[in-house]
There are 2 protein chains.
Amino acid sequence: MGTPSGGGARTPHPRAGTVGIKEVARRAGVSPGTVSNVLNRPERVAPATRARVEQAIRELGFVRNASASTLRAGQSSTIGLMILDLGNPFFADVARGVEDVASERGYAVILASSGGSHDKERRHLTVLAEQRVRGVLITPVDGQDDHVELLRRRGVAVVLLDHPTPRANQCSVAVDDVAGGELAVRHLLEEGARDIALVTGPSSLRQCADRRKGALRALRAAGLGREALREITVPDMNARAGEGAARRLLEGELPDAVFCANDLLALGLLRVLLQVGVKVPDDVAIIGYDDIEFTGAAAVPLSSVRQPTFQLGRIATELLLDECENSAGHAHQQVMFQPELVVRESTRRLVADAEG
Amino acid sequence: MGTPSGGGARTPHPRAGTVGIKEVARRAGVSPGTVSNVLNRPERVAPATRARVEQAIRELGFVRNASASTLRAGQSSTIGLMILDLGNPFFADVARGVEDVASERGYAVILASSGGSHDKERRHLTVLAEQRVRGVLITPVDGQDDHVELLRRRGVAVVLLDHPTPRANQCSVAVDDVAGGELAVRHLLEEGARDIALVTGPSSLRQCADRRKGALRALRAAGLGREALREITVPDMNARAGEGAARRLLEGELPDAVFCANDLLALGLLRVLLQVGVKVPDDVAIIGYDDIEFTGAAAVPLSSVRQPTFQLGRIATELLLDECENSAGHAHQQVMFQPELVVRESTRRLVADAEG
DNA sequence: GCCAGGGGTTGACACGTTTTAATGGCTTTG
DNA sequence: CAAAGCCATTAAAACGTGTCAACCCCTGGC
């Protein structure tokens, strides 16, 4: 049709001429109110008029202006997703679950990544508040939920993501990281390890703190004290940090086994150890956490602790939307999934040593 | 397991009482216009008044309503990010780059994932249009840019992400996939492979089509025809699909080498081959694509073709925001990065075979 | 033939912000 | 001293949609 085929890349008219509800109304020969009704309560408008309006909408290429709707309605159809790190497949998977459910139900997702910075978290939450998001899914940087509390006070629904809470006044979805840490270390102990190292991120991260707590609990159950656990703390939770941890381990005598708070750490650690000729699991056993897709294909397939990642995102979003749309009858829930131990090569046959 | 142990916490007042600009104005003893000035052009307001207003803002916990701003201004400070698949670390990394730049410059990112579905893409783009996003970064599902054209006509800035375009009227940022495919296969040939298999996704995906084209080009340069290339097409681009491809390969005689259009495919393939006792690279060499973080730590470290993923996201976003904010002086650019071959164990020492 | 009733449609206002032209107070200049 | 100019501030008008009360027309009952 009217395609001015070719032409320069300039926009001739700064005014792009937005078609609004009233232009549609004029074309269909009805009032703006009727158009609005067609959009929001089609059943209230006579079939014939509705058809006329719908045709006008198609012809003009009308697209409803969400800003105006939101302004008028006082609430948007957007939710915020605030995670720690997109680079971590764990969170990428969670995000997939979130996006899935949100888009099924007609919500848009605003993505924000704190990168573990308390300050960035605050800035991002401000943006989300400005956008008047209907709700927020958040993996908080630390335990002090002041930011979160602020949001709730403003009437924004909040679901804590991968972060359990004792408080009954909000929803949370999490996986039991203490149990997970315990699973991992108990497994190492059962396989015969005695001298275990823990490679973990900053203890301000709840995930790290909890997994460590679980690890200690397993030791205690085996009659060992916390001195049995060598702790190596790294600043980040990625493969590079894992490599750093490996180098630090190599400076002294190697432990029997290493529990990494995260598969990325474990993969980095594994890479370096193999490089310098350390045998895994013969010299050192390694277990990770998250069971991301790649652990099974690692140089030495990694044992890990599996979490229902995708489900985590889905359930959290469903809870959030329920709270948003049905806030009257909504009962807050604290959902806690149980993690699952996945044993692969990287921790097998320590037993031989123990029995030998 | 879900423990619905939550107590019932109701919201007593449905009206959360939004504080607006005029409430702030009343408290500070000025007019709404002045408050707006404090927010948008602080230099125009007398220091004393400004201080009063700022205090009122703090005391009332005022947060600007982006919907109203957007409505009034006719343009938002949001951009849309439309990718193929969050589950692919390649895109997750791109998204990181995007989020990075966007948040630096005060923009919010709306995330949408098409999952390769043309229909989902359309639906998501509609939502983005409703949100009146300032611009869109998109990895289109296929070449026919009808959806994209529609957006542009509506005045939305668009940058094609990981998708080159010959047209001079829009920006694009991509990596030369033909060159990448050629790099990969030339490498395989140089290492002595003669019977090569290509494992790739649907040819409607530009990435797949281009990498295949590059592969054929490398063969031709070596004096070989397209019959030298066995092609296995899989429906998805993930590890599971790679496993399926491996099983199909195992039905017949194994090739010397396999070029996978994607590291995920390669990892899945590798896993199955190793499981059934095939030696890599001795029996079969494997090369992937993307060089995601995990390939180096794979059972057999995977050769791959590296792309500047994070940079891709950053540059694309910078171009987009430039086009948004400076549309007058904006010159459209078609940025094309060159990929880089990364050789690891999975393709080494085929030479021995060739020489032997 | 009049009134009640109801479905379909309308018009006007409100949502919270930005912007523009106008206002008022003050200082400077001739 | 009057006129002119400047600065800080204000009042009012938009932006596009949703809602609500009012309205119109038509049907059916008495």
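Below, read A as the first sequence line, B as the second, and so on, with proteins coming before strands; counting in each chain starts at 1.
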Quiz item: Atom CZ of A:R44 to atom P of C:dG7: distance rounded to whole Å?
Solution: 11 Å
Quiz item: D:dT19, C:dG16, D:dA11: which one has an atom nearest the side-chain heavy atoms of B:N65?
Solution: C:dG16
Quiz item: Where do B:Q131 and A:S77 come nearest, in terms of heavy atoms and distance?
Solution: NE2-OG, 4.4 Å
Practice problem: Please test B:E325 against B:R105 for salt bridge (charged side-chain N to carboxylate O under 4.0 Å, His left out), starting from the C-alpha separation and ending with a verdict. | Solution: CA-CA 11 Å; B:E325 294 174 354; B:R105 306 196 21 187; 3.1 Å; yes
Quiz item: From the list C:dT9, C:dT18, C:dG16, which nucleotide is the closest neighbour of the side chain of A:A46?
Solution: C:dT9
Quiz item: Which sits closer to the 5' end of DNA chain D, B:R52 or B:L71, going by the nucleotide each is nearest to?
Solution: B:R52
Practice problem: Nearest whole angstrom, please: distance from the P of C:dG7 to the CD of A:E43. | Solution: 12 Å
Practice problem: Specify the separation, in whole Å, of atom CD of A:Q75 and atom C1' of C:dC15. | Solution: 13 Å
Quiz item: Does any N or O in the side chain of B:R52 come within less than 3.5 Å of the main-chain N or O of B:A28, such that one atom is a donor and the other an acceptor?
Solution: yes
Practice problem: Respond yes when some side-chain nitrogen or oxygen of A:T49 is under 4.0 Å from OP1 or OP2 of C:dT9, and no when none is. | Solution: yes
Quiz prompt | Gap between atoms CG and P, on A:N40 and D:dT19 respectively (whole Å) | solution = 6 Å
Quiz item: Is any side-chain nitrogen or oxygen of A:S36 closer than 4.0 Å to OP1 or OP2 of D:dT17?
Solution: no
Exercise. Would you classify B:T70 as touching base, sugar-phosphate or nothing, given that sugar-phosphate means primed atoms plus P, OP1 and OP2, and contacts are heavy atoms under 4.0 Å?
Key: nothing
Practice problem: Figure out the CZ/C1' separation between B:R64 and C:dG16, and round it to whole Å. | Solution: 12 Å
Quiz item: Do A:H332 and A:N169 have side-chain N/O donor and acceptor atoms under 3.5 Å apart?
Solution: no
Quiz item: Among A:L160, A:V156, A:L320, which residue meets the side chain to side chain contact (heavy atoms under 4.5 Å, CB included) test with A:V136?
Solution: A:V156
Self-check item: Side-chain N or O of A:R41 closer than 4.0 Å to phosphate OP1/OP2 of D:dT19
Solution: yes
Exercise. Take atom CG of B:N37 and atom P of C:dT17, then tell me their distance rounded to the nearest Å.
Key: 14 Å
Practice problem: Under 4.0 Å between any heavy atoms, over every strand shown, what does B:G74 touch: base, sugar-phosphate, or nothing? Just pick one. | Solution: nothing
Quiz item: At their closest point, which heavy atom of A:Q334 faces which heavy atom of A:T165, and how far apart are they?
Solution: CG-O, 3.5 Å
Exercise. Report the distance from atom CD1 of B:I21 to atom C1' of C:dT17, rounded to the nearest whole Å.
Key: 6 Å
Practice problem: Give the nucleotide from the list D:dA8, D:dG18, C:dG16 with an atom nearest to the side chain of A:R72. | Solution: D:dG18
Practice problem: Could you check how far NZ of B:K22 sits from C1' of D:dA12, rounded to whole Å? | Solution: 12 Å
Exercise. Identify whether any heavy atom of A:V30 sits under 4.0 Å from a base atom; if not, whether one sits that close to sugar-phosphate; answer base, sugar-phosphate or nothing.
Key: sugar-phosphate
Quiz item: Quick one: which of C:dT10, C:dG16, C:dC13 gets closest to the side chain of A:T34?
Solution: C:dT10
Quiz item: Within the structure, does a side-chain N or O atom of A:S69 lie under 4.0 Å from either OP1 or OP2 of D:dG16?
Solution: no
Quiz item: How do B:A66 and A:R50 order along DNA chain C: which one's closest nucleotide is nearer the 5' end?
Solution: A:R50
